[in-house]
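A, B, ... follow the sequence lines: proteins, then strands. Residue 1 opens every chain. These numbers come from the heavy atoms of this one structure, side chains and all, not from hydrogens, waters or symmetry mates.
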Amino acid sequence: MTMKQEIPRTYEPGKYEDDIYALWEKSGFFNPDNLKLPKNAKAYTIVLPPPNITDKLHLGHGSIIAIEDLLIRFHRMKGYRALYLPGTDHAAIATQNVVEKKLLKEKGLTRQELGKEKFLEEVWNFLRVTQATILQQARKMGGSFDWSREAFTLDDQRKKAVRKMFVDMYDAGVIYRGERIVNWCPRCKSTLADDELEYQGQKTKLYTFKYDKDFPVSIATTRPETKLGDTAVAVNPKDARYKKLIGRTFSADFLGVPLKIKIIADRSVEKDFGTGALGVTPAHSMADWKMAEDNGLEAIKVIDENGKIKNNFGKFSGLAVVEAREMIVAELKKHALLEKEEEIENNLSVCYRCGTAVEPLPSKQWFVAVDKKLKRLGNKSLKEKALEAAKKKKIKFIPFRFTKRYLDWMTNLHDWCISRQIWFGHEIPVYYKGEEIYVGEKPPKGPGWAQDPDTLDTWFSSGMWTFSTLGWPTSVKTSAGKPDKIIKTGDLAKFHPTQVLETGYEIITLWVSRMVMMSLFAVGEIPFENVYLHGMVLDSFGKKMSKSKGNGINPIDMIDKFGTDAVRLSLLIGSTPGNDMRLSEEKIASFRNFVTKLWNIYRYMATTYPDFKLVDKLDKKHIKTAADRWIVSRLQETVAGMTKDLDDYKFSMAGEKLQRFTWDDLADWYLEISKVEKNKYVLGYVLTYVLKLSHPFMPFVTEKIFQDISFGKKVLMVEKWPAADKKLIDKKAEKEFKNLQEIVTQIRNLRASYNIEPNKVITAYAKNEKHKEAVEKLARVNIFVAKSTGKVVVLPDFELDIADVIDVEKEKEKIKKNITLLENTIRRSRELISNKQFMDKSPKEVSNRALASIAYNEKELKEQKELLRNLN
RNA sequence: GGAUCCUUAGCUCAAUCGGCUAGAGCACCUCGUUUACACCGAGGGGGUUAUAGGUUCGAGUCCUAUAGGAUCCACCA
């Protein structure tokens, strides 16, 4: 029985992947505590951005895991205490919405009909299924997650953390209850965050009218019904028409409803829109609320939580907003108050879930104050500290340009409304008894207390993700003397702050910014050092893959077809940070081919040498031929280049270098030469390195090969990442080998142009026997040493004279031309410096530039001259 | 209204500080089963880097403008 029969011709991922994953899990090395490392080994932590449990993963998530696991495996091999922490997000509103829809479709019931308790049961039944699917998919992607630390944003530990966070923030005065304008969905009976709104372009009517006959100013509005609650009219301070009126207060009788209207000035009012005067309704417009605050105006509520006009508005009371609008317009017409009715286009804010028009309403909600100065933050606010972190580059964005988006958003940040009127989510640890309020992690003792019925915005808990997963709050202590000083213990001390947060650029504002503030408050430090932003994975039509569109590709289908390694490679190579990428099956297939190539490189080596071994360190005595020196040199260059690329987050470039080396250099050239110049030590050495370098990109096939060769004695996942040995980089050997390659290529060219079949052996004559066997094998020629020429192909001394293959005279002419050009350029630069006539530029700038030019061109000149010498 | 990105081969994308003949994969054309691999090998065609200017010894890369495409934020009385 020979090895040959044991190794199949193609690598079959489906056959091995689950076993390999099980082997990794069994090894225990996913848990950094089990890594055999020196005590001072640095930690390298990435927390998986927890996927929403609303649905299974799509390829976008696949890309997240491919990138993060690449970083984790790379650093684990480099000797870091690498922790990749998995988990899922309860995604409060989104999940409740999915389940609500499902419920309606399957059972025809609304959540109200089912009741809170039963409904939540439905939610949990639903999420247990999706959650299990997600975690299984994450395993299939090959993510080296520490499953012992797995977390869920709504599990018991996280609930405890959230309660503690809320209470701490409340005690510090950061969380407060206040009345603010919120986006209210009258159908869902819940507030919506700004980012939960959708905008619909619509045509609507703009009405110009006066409150009553005697009112001095006409105003324009699209929502006459809200004008029942007007307390001011705002005009532009520079508007000459109204200047005299500013500051005066008028009484008006608006269709039977008495109003007191003050004329105020506000820069945001455009003179040219409508009449240039705007009725201010503080209770039903965000902008008006702000004006009211600035001018000390009263806010009169007109519309209630059901979208109806409140009781104290005479005949309009109890009407739905649309009815009220029609009636008011009719009345205005009747009393000849309506001056103009025109059609305009504007945007209507609607609920992203149900499409109902959103009503801005004042409502009692819980808020996080972002501008409150905090003692524990050196008397700075959360906003200030979060801005500082990015400005001082304590948090670096990759690519850098996203820093601006973060800073812009953070600068304009308002207090964050964190309460939501939905059932599924973190309960708010606030209890009421009559007028009394109790805020605490545990319910107060005694009867009559009722907990706040609202739940928390989902980002409140996911904002705590970096530290709530690392044992907070039990992993912090405060010293007795300094209550604001935070001492980290346990996992938090070991793994926080994390090194990289890898996420999509679309949630910089929603998530990244919140994490920064939450971490600054709770732990007193930034949550991560780097924010790597991947682009979106688009389908082959360039459309965003999303659950709602149903065009998300299930990575498992692709894995079944092509293997995890191919899927990972296709997500890593050809994609750059911050830029979207299209993904097609063809692309994945081409990387499957690369995996097969690697497999066959191994297959050749293992079948050719029955005692084939891995070689970690190559004894120099085994480097014999020029080809050996060349492949070792190219390998070391690849090691150095890939390491630098990975350190710089240039995954695609590192992957391409790997592919170039493995396929072009190793498979196409060295392996072919090794068929005549047999050297199993160098083969073993090169393969060992290739396996290590490939592992973070394609963990399964590399581990499989490694296991087979080493008979399961070691695990590739925890092998040392190779350090580049620059001494083995041999430019001379590379040049020499390039000559050999050129000769072989030229012969192949001649063969093609003479229509000689590739496998027909032809005769060639050479001036010496250098590389006779290698060239014979690669170019399929028989070489005879002879001085004369005149046969099919002449192979002279390969180092210098390849006259009959390359047109030397033409080459020489080209180089001579180049040399003249370069010499002229250098002379001109020198003249420039000595003349010191610089037009409008500074002498320093010009001479620096000229010096750089001289340096570059002299280097070029030297190379060209050497080339010319070689040809002569 | 403010901001950001993109436009490179038929397609999908690279190209590091401005520096060698602008590179890959797929597709295409010619030849070939040769004991690692047809999921392969050898060879080949295909580019005015959106357009017009500018800076520079040198521009896909920097600046200005134009055209087309995408995204984010704000506002929408």
Tell me every residue that passes salt bridge (Lys or Arg N to Asp or Glu O under 4.0 Å) with Asp408(A), counting only those two or more places apart in sequence or in another chain.
Lys404(A)
List the atom pairs, donor and acceptor, that lie under 3.5 Å between side-chain atoms in residues 642-651 of chain A and the rest of the protein, sequence neighbours left out.
unit_1    : atom_1 : unit_2    : atom_2 : d
Thr643(A) : OG1    : Val639(A) : O      : 2.6
Thr643(A) : OG1    : Trp721(A) : NE1    : 3.0
Lys644(A) : NZ     : Asp648(A) : OD2    : 2.8
Asp645(A) : OD2    : Lys657(A) : NZ     : 2.6
Asp647(A) : OD1    : Lys78(A)  : NZ     : 2.9
Tyr649(A) : OH     : Asn530(A) : ND2    : 3.3

How would you list all residue pairs meeting salt bridge (charged side-chain N to carboxylate O under 4.0 Å, His left out) that involve residues 567-583 of chain A, not counting sequence neighbours?
Asp69(A)-Arg568(A)
Side-chain donor/acceptor pairs under 3.5 Å, residues 590-599 of chain A, sequence neighbours excluded:
unit_1    : atom_1 : unit_2    : atom_2 : d
Ser590(A) : OG     : Lys587(A) : O      : 2.9
Thr596(A) : OG1    : Arg592(A) : O      : 3.0
Trp599(A) : NE1    : Pro8(A)   : O      : 2.9

Residues of residues 226-233 of chain A with a heavy atom under 4.0 Å from any atom of RNA chain B, listed by number, are none
Going by side-chain hydrogen bond (donor to acceptor under 3.5 Å, both in side chains), name the residues that satisfy it together with Thr564(A), two or more places apart in sequence or in a different chain.
Glu17(A)
Sequence neighbours left out, what passes side-chain hydrogen bond (donor to acceptor under 3.5 Å, both in side chains) with Lys675(A)? Give chain and number order.
Glu672(A)
Detail all sub-3.5 Å separations between protein N/O atoms and N/O atoms belonging to nucleotides 3-12 of chain B.
unit_1  : atom_1 : unit_2    : atom_2 : d
rU12(B) : OP1    : Arg582(A) : NH1    : 3.3

How would you summarise protein contacts on nucleotides 15-24 of chain B per nucleotide, using B for base, S for sugar-phosphate only and - for none, with heavy-atom distances below 4.0 Å?
SB--B----S
Residues in side-chain hydrogen bond (donor to acceptor under 3.5 Å, both in side chains) contact with Asn679(A), at least two apart in sequence or another chain
Asp628(A)
Based on Watson-Crick and G-U pairs with both distances under 3.5 Å, what dot-bracket line describes RNA chain B 5' to 3', crossing pairs as [ ] and inter-strand pairs as |?
(((((((..((((.....[...)))).(((((.......))))).....(((((..]....))))))))))))....
Under the side-chain hydrogen bond (donor to acceptor under 3.5 Å, both in side chains) test, which residues partner His534(A), sequence neighbours left out?
Glu502(A)
